[in-house]
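Have a look at the structure below, then the notes.
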Amino acid sequence: VQLQACGGGLVQPGGSLRLSCAASGRIFSISDMGWYRQAPGKQRELVASITSGGRTNYADSVKGRFTISRDNAKNTVYLQMDSLKPEDTAVYYCYAAGLRLGPFTAEDFGSWGQGTQVTVSS
């Protein structure tokens with residue numbers, strides 16, 4: 001299963017960006033999708049996640065500013081980022097976990113996207 005992320009870029013503080021990440025391949029079902037980020041010199045951290053049923057989880061640092069959503073029919077997850085701050089600057093990675101179609105049965109998978117740079121600066 002491959003993930004293709006897009007939507008990063010340079011934005012001024014207080015601005016907005018929308019990231020999207022589409023999964024493709026022999027997908028049977030996707031249970032969890034979400035976003036991590038990694039700033040220079042820091043560990044990768046969870047930003048937000050969403051289950052197939054729509055249950056969401058956010059890092060405290062982004063609550064009230066970021067919104068995660070997904071389109072199950074398109075196997076796509078989105079991250080709407082508003083009121084961006086310089087400390088949101090990082091490479092953002094999407095991930096997905098679920099079941100893929102194996103040769104004889106469904107198999108667990110976990111995949112990461114390639115990362116997209118988000119820079120918040122004036």
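All residue numbers in this chain count up from 1 along the given sequence. Being a predicted model, the structure only gives us computed values, none of them experimental.
Side-chain contact check for M81 versus V118: some heavy-atom pair is nearer than 4.5 Å. Between P13 and P86 the shortest side-chain heavy-atom distance falls below 4.5 Å. Residues Y58 and V47 form no side-chain contact, since every pair of their non-hydrogen atoms from C-beta on lies 4.5 Å or further apart. For the pair N57/L46, a side-chain contact is recorded, criterion being any heavy-atom separation below 4.5 Å from C-beta on.
For a disulfide, the SG atoms of both cysteines must be under 2.5 angstrom apart; this holds for C94 and C21.
Between V1 and S111, the shortest heavy-atom distance links the atoms O-OG, 2.9 Å. A90 approaches A39 most closely through the heavy-atom pair CB-N, 3.8 Å. The nearest pair of heavy atoms linking A106 to L99 is CB-CB, 4.2 Å. Scanning all heavy atoms of the two residues, the minimum distance from A48 to L79 falls at CB-CD1, 4.2 Å. Residues A23 and L3 approach most closely at CB-CD2, 3.2 Å, considering heavy atoms.
Follow the hydrophobic side-chain contacts under 4.5 Å out from Y78 and you never reach Y93; the two are in separate clusters. The same ILVMFWY cluster, assembled from side-chain heavy atoms under 4.5 Å apart, contains both I50 and V62. When hydrophobic clusters are built by joining Ile, Leu, Val, Met, Phe, Trp and Tyr residues whose side-chain heavy atoms come closer than 4.5 Å, directly or via intermediates, V91 is not grouped with L84. Put simply, V77 and L17 are part of the same group of oily side chains (I, L, V, M, F, W, Y) that touch within less than 4.5 Å, one to the next. A continuous path of Ile, Leu, Val, Met, Phe, Trp and Tyr side chains, each step under 4.5 Å between heavy atoms, connects F109 with W35, placing both in one hydrophobic cluster.
The backbone N or O of Q12 sits nowhere less than 3.5 Å from a side-chain atom of S122 that would complete a donor-acceptor pair. Not a single donor-acceptor pair under 3.5 Å links the side chain of T116 to the backbone N or O of Y92. At least one donor-acceptor pair under 3.5 Å links the side chain of T76 to the backbone N or O of K74. A donor-acceptor pair is defined here as one N or O able to donate and one able to accept, closer than 3.5 Å; no such pair exists between the side chain of D32 and the backbone of A96. Of the possible donor and acceptor atoms, none in the side chain of R70 sits under 3.5 Å from a partner among the backbone N and O of N75.
To the nearest 0.5 Å, atom OG of residue S24 and atom CD of residue Q2 are 4.5 Å apart. Here the OG1-CD1 distance, from T51 to I30, works out to 12.5 Å after rounding to the nearest 0.5 Å. L19 CG to C6 SG: the interatomic distance, rounded to the nearest 0.5 Å, is 8.0 Å.
Judged purely by distance below 3.5 Å, without hydrogens or angles, the side chains of D82 and S16 pair a donor atom with an acceptor atom.
Residue pairs meeting the salt bridge (charged side-chain N to carboxylate O under 4.0 Å, His left out) criterion with at least one partner in residues 42-56, sequence neighbours excluded, are R37-E45. Each salt bridge (charged side-chain N to carboxylate O under 4.0 Å, His left out) pair with one or both residues in residues 101-122, not counting sequence neighbours, appears once here: R100-E107.
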Requested in this report: Verify salt bridge (charged side-chain N to carboxylate O under 4.0 Å, His left out) between D88 and K85, making sure each step is shown before the conclusion.
Outcome: CA-CA 5 Å; D88 295 317; K85 304 176 181 180; over 6 Å; no

Requested in this report: Kindly determine whether E87 and T89 satisfy side chain to side chain donor-acceptor pair (under 3.5 Å), including the steps that lead there.
Outcome: CA-CA 5 Å; E87 50 264 42; T89 296; over 6 Å; no

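In this pair, W112 and Y95 present their aromatic rings tilted. The plane angle is within the 30 to 60° band.
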